[in-house]
There are 2 protein chains.
Amino acid sequence: MRHANAQLQHDRRDVILSAAQRLFARMGFHQTTMQQICAAAGMSPGNLYRYFPSKEAIIAGIAERDRADVASQFASVENAPDFFATFAVLAHHHFVERTADEVGLCAEIMSESRRNPAIARIMNEFDKDVIARLKSMLRAAAERGEISRDIDFDAVVSMLMVIADGVWWRRAVEPNFDAKSVLPLFMDITRYMLLGGGAANSAGEKSK
Amino acid sequence: MRHANAQLQHDRRDVILSAAQRLFARMGFHQTTMQQICAAAGMSPGNLYRYFPSKEAIIAGIAERDRADVASQFASVENAPDFFATFAVLAHHHFVERTADEVGLCAEIMSESRRNPAIARIMNEFDKDVIARLKSMLRAAAERGEISRDIDFDAVVSMLMVIADGVWWRRAVEPNFDAKSVLPLFMDITRYMLLGGGAANSAGEKSK
DNA sequence: CCGGTAAGAGCGAACGTTCATTCTCTTTTA
DNA sequence: TAAAAGAGAATGAACGTTCGCTCTTACCGG
């Protein structure tokens, strides 16, 4: 008898995820209806539900897919020789080249993760992954003598994450925010933190 | 012959706003039902609708009220003599002392402002206000010679806003994020940007 | 190679629930 | 006593999900 076509299933899931992604980024999860997703994916509700058991599953699917995407971006520059040049490229990618839809979707995911444990879990793993990769980049650069060794890596990475979040939220909330114009100062601050030019290397001291 | 009691009206509106605020911060606007707000405010739907014409009006009311709150916080330290000490206090207030509910609510408002023009307008005015106050603080400090004059104030203020947003989002998304531990590095970076110790004073050059 | 067929793929109306809002009514008070 | 203040059931629209159905196609016995 006939058996399920795995390739087709994969393609359909992809079409649905992409359609939903665009809608979610623009209208938010709870403002997007299944009917809209169906229309955008060119599919009836009955059929769509053969690929995802619920709206939540679609949200989770998107979060997961995006996570893989960013992870691969990171992996591609993992152990480049020149830290600051590599970091600048990474920052430009992340701050400037990401589309408004990607930024918007991330905003929705973060927002949703505040009350959806499944999303929170995915986002948390994602964060942990990024933090680990950043730290490994810094450690490697320190080994090579590109940056100071006497630095509180945890504090610096934490601050980098904070700034990255901040830039994305500015972009998400203020559509004509010029992310490119903060890049020079961002790189400058990063250099300051990593070269230990000031008190940065003692900044991470835990209080108390 | 009986006439409306203005004091009572004001009180009732306040009770409703406070009840809604708590719920919104924890569950988000669209996950909070009018019934829940009614229950929390100790009031029937029929009566509540005498004070607010719609759910949206409650959201807008909260956004407006919070705006006034933060504005007054700023105003209270407007022209203190010691810039860095004042700024440290402000940062501590904003990063550490704000409750999880306040942070959560802000997250919801930012998220909502992405598609609700009325909220977007309020948030935008709020941002403009904060930016103006920060700039005026910096200008005053520069006059007094506390910070360098050769600085791109726009770029620095922009970065400060970015970091502030970032910290709040970390807090909103990661409940046990220790905002206090980033304060030293934050103040250090601020000092670096404002004292023009490095290339910071040229960082704001517009590219192209 | 060739129908026949059973399961896959797809459709869209209908269901049941949820929820913002309204309506009608009672209670309170200047 | 008339309007304000309040109550809570009712309404109607919106929306996620399901159900019963048709169409399509890979496989198998002949």
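None of the values given here were measured: they were computed from a predicted structure.
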B:Tyr49 vs D:dA7: side-chain N/O to OP1/OP2 distance below 4.0 Å: no
Residue pair B:Arg12 / B:Met43: nearest heavy atoms and the distance that separates them: CD-CE, 3.5 Å
For atom CD1 of A:Ile16 and atom P of C:dA9, their distance in whole Å: 12 Å
Presence of donor-acceptor pair under 3.5 Å, side chain of A:Arg2 and base of C:dT5: no
5' priority, DNA chain D, between B:Leu8 and B:Gly46 [closest heavy atom]: B:Leu8
Nucleotide D:dG20, atom C1' - distance to CG of A:Asn47 in whole Å: 15 Å
Interatomic distance, B:Ser113 atom OG to B:Ile59 atom CD1 [nearest 0.5 angstrom]: 11.5 Å
Between C1' of C:dT18 and NZ of B:Lys55, the distance in whole Å: 11 Å
Atom-to-atom span, NE2 of A:His30 to P of C:dA20 - whole angstrom: 13 Å
5' precedence on DNA chain C between B:Asn5 and B:Thr32 (nearest-nucleotide basis): B:Thr32
B:Phe52 CZ - C:dT22 C1' separation (whole Å): 19 Å
A:Phe29 side chain reached by A:Ile109 side chain, heavy atoms, under 4.5 Å: yes
Proximity to the side chain of B:Ser54 - top-ranked nucleotide from C:dA9, D:dC15, C:dT21: C:dT21
Presence of B:Gln9 side-chain N/O under 4.0 Å of D:dA5 phosphate oxygens OP1/OP2: yes
Touch class at under 4.0 angstrom, heavy-atom based, for B:Tyr51 against every strand present: sugar-phosphate
Length of the line joining A:Met43:CE and C:dA13:P, which is rounded to integer Å: 18 Å
Short side-chain N/O contact from A:Ser44 to OP1 or OP2 of C:dC11, under 4.0 Å: yes
Under-4.0 Å side-chain N/O to phosphate OP1/OP2 contact, B:Arg12 with D:dG6: yes
Sugar-phosphate, base or nothing in reach of A:Leu48, heavy atoms under 4.0 Å: nothing
A:Met34, nearest nucleotide to its side chain (from D:dA7, C:dT21, D:dG16): D:dG16
Length of the CZ-P vector between A:Arg50 and D:dG20, whole Å: 17 Å
Nearest-Å distance for atom pair CD/C1', residues B:Gln36 and C:dA20: 13 Å
Heavy-atom pair of closest approach, residues B:Ile58 and B:Leu17: O-CD2, 3.7 Å
D:dC27 OP1/OP2 closer than 4.0 Å to side-chain N/O of A:His3: yes
From CG (B:Asp152) to CE (B:Met193), nearest 0.5 Å: 11.0 Å
